[in-house]
Amino acid sequence: MKTIDVKLGDRSHVIHIESGLLKRLPELLSKYNQGQKWVIVSQKSLIEKYVSVFHSNLIEDGFDSHIIEIPEGEHAKSFREYQKVVNQMMNLGCDRSTTILVFGGGVPGDLGGFVAATFMRGIDYFQIPTTLLSMVDSSIGGKTGINLDAGKNLVGSIYQPKGIFIDPEFLATLPSEEIVSGLGEILKYGAIYDKEFLSSISRGLDELESFPFSEAIKRSCEIKAEVVSEDENEKGRRRTLNFGHTVGHALEAHSGYGKIRHGEAIAYGMICSGWISNELGLLSDEETSFLKESIFKLPLPELGDLKTGSILHFIKRDKKHQSGVLHFIVLNGLGNAIISNKITEELIVNSLKEIQ
Ligand code: GLY
């Protein structure tokens, strides 16, 4: 088993990565079992496919295990669903010693993590990510939250899990768009942090059937763990993880959430950010083309007609959420991301021609 430390003082924890890990989880969790209630937060499809058996195994091994089902889809990240989960926990007799097992992708991760952060002022939780994107990104770093009508993740907290368990075998049954979405984020780690990794991912994308997922997950987790360890609260370096996200978020909002997946939108956003970096003289023509060609190896969905005005509206909204200053991430050479506060809306709009 590969283990990666997320070093955060008394909030330090370990990312465990191993194929077939799910079967060993009751054994690995047993050292945390003091007879408290365990609540698995997950969704119907995952409960049917994996959680029911996992829950039975936990019970067999002496865990007081319970399942709470939340809806599929982004709308589960609402006050209504949050309230339903905490009320069910009260009805189950949960208390401050209860431990949550978040089982699923970004939605159970964000909602279940936020419940853990707030129930009785905070209880322990573990992440068991099942999508590629949640394995390499959202399960690491403690971001939890729910949505408001005004936008995504507007209520939440940074609250670290006690551990993260990644079983790459979950990828075998994921829809291909989910894989592509996760690959978008994996390419991002190479682009912002590790040029060699970017080249090896790019080569791997030539033969997607034999793509080295376990290796790519490990390296992505190492990078994310290092960045989060250095800047948990996103005051500096953690912001570089938002490479491609200004345009990416605008594309998601413009297309309608759920129409384009997060990592797919980010992939397009990275092409725009690469072009902007090139315009600023920070990224050579050769590097810019390499980044673009590598991203376009992904079978990305068609974007359709991009309405510049609408994209700009969402970019302005993003800026508003950053106290009026857009912290835009550019590349100062491949594998080296920096933050710029000087990127104009005109430059961003001009970059859209790269993806149309
Ligand atoms: N997804 C970016 C972060 O966790 O900071």
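Predicted model, so just to flag it, every value in this text is computed and none were measured.
In terms of the ring-ring contact (aromatic ring centres under 6.0 Å, His included) criterion, residue partners of Y159 (sequence neighbours excluded) are, by chain and number, Y125. E169 meets the side chain to side chain contact (heavy atoms under 4.5 Å, CB included) test with S19, K23, D167; sequence neighbours excluded. Applying the side chain to side chain contact (heavy atoms under 4.5 Å, CB included) rule to V330 yields the partners I276, S277, L280, L282, F328, I338, S340, I343; only residues at least two apart in sequence or on another chain are considered. With sequence neighbours excluded, the residues forming a ring-ring contact (aromatic ring centres under 6.0 Å, His included) with Y32 are F126, listed by chain and number. The ring-ring contact (aromatic ring centres under 6.0 Å, His included) test applied to W38 returns F63, not counting sequence neighbours.
One finds a salt bridge joining K44 and E48 here, because a Lys/Arg side-chain nitrogen approaches an Asp/Glu carboxylate oxygen to under 4.0 Å. A salt bridge links K2 with E222; the closest basic N to acidic carboxylate O contact falls under 4.0 Å.
Within the 4.5 Å cutoff, no side-chain heavy atoms of R203 are placed close to those of K297. Two residues are said to be in side-chain contact when any heavy atoms from C-beta on lie closer than 4.5 Å; L58 and L101 meet this criterion. Contact of the Y189 side chain with the L241 side chain is registered, since non-hydrogen atoms from C-beta on lie closer than 4.5 Å. Contact of the C221 side chain with the I140 side chain is registered, since non-hydrogen atoms from C-beta on lie closer than 4.5 Å. Annotation: side chain of H245 is in contact with side chain of I266 (closest heavy-atom distance under 4.5 Å). Side-chain contact between T98 and M89: present, with at least one pair of heavy atoms (C-beta onward) separated by less than 4.5 Å. The closest side-chain heavy-atom distance from S273 to V247 is not below 4.5 Å.
Between the side chains of E178 and T131, no donor N or O sits under 3.5 Å from an acceptor N or O. A donor-acceptor pair shorter than 3.5 Å cannot be found between the side chains of Y193 and R219. With 3.5 Å as the limit, one finds no donor-acceptor pair spanning the side chains of S97 and Q34. Using modelled atom types, one finds a donor on one side chain and an acceptor on the other under 3.5 Å when comparing S284 with E287.
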Stepwise side chain to side chain donor-acceptor pair (under 3.5 Å) test for N350 and E279: CA-CA 10 Å; N350 287 341; E279 283 290 297; over 6 Å; no
Side chain to side chain donor-acceptor pair (under 3.5 Å) between T130 and Y50, intermediate numbers included: CA-CA 10 Å; T130 59; Y50 306 109; over 6 Å; no
Working for side chain to side chain donor-acceptor pair (under 3.5 Å), residues K195 and N336: CA-CA 8 Å; K195 197 166 132 182; N336 183 29; over 6 Å; no
Side-chain donor-acceptor pairs under 3.5 Å in residues 305-315, sequence neighbours left out?
none

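With hydrogens and angles disregarded, no donor-acceptor distance shorter than 3.5 Å links the side chain of D110 to the backbone of K77. Although no hydrogens or angles enter the test, the distance criterion places no donor-acceptor pair under 3.5 Å between the side chain of S255 and the main chain of E252.
Using a 4.5 Å cut-off between side-chain heavy atoms of Ile, Leu, Val, Met, Phe, Trp and Tyr, with links allowed through other members, V227 and V14 fall into different hydrophobic clusters. A continuous path of hydrophobic side-chain contacts links F211 to I166 [ILVMFWY only; heavy atoms under 4.5 Å]. Residues I128 and I59 fall into different hydrophobic clusters, defined by Ile, Leu, Val, Met, Phe, Trp and Tyr side chains chained together at heavy-atom separations under 4.5 Å.
Each of R238, K7, K143, R11 was scored for a salt bridge (Lys or Arg N to Asp or Glu O under 4.0 Å) with E232, with one residue passing: R11. Across L132, L133, L300, a single residue satisfies side-chain contact (heavy atoms from CB on, under 4.5 Å) together with V180, and that is L300.
Taking the six-membered ring for Trp and thresholds of 30 and 60 degrees, F103 and F54 have ring planes inclined between 30 and 60 degrees apart.
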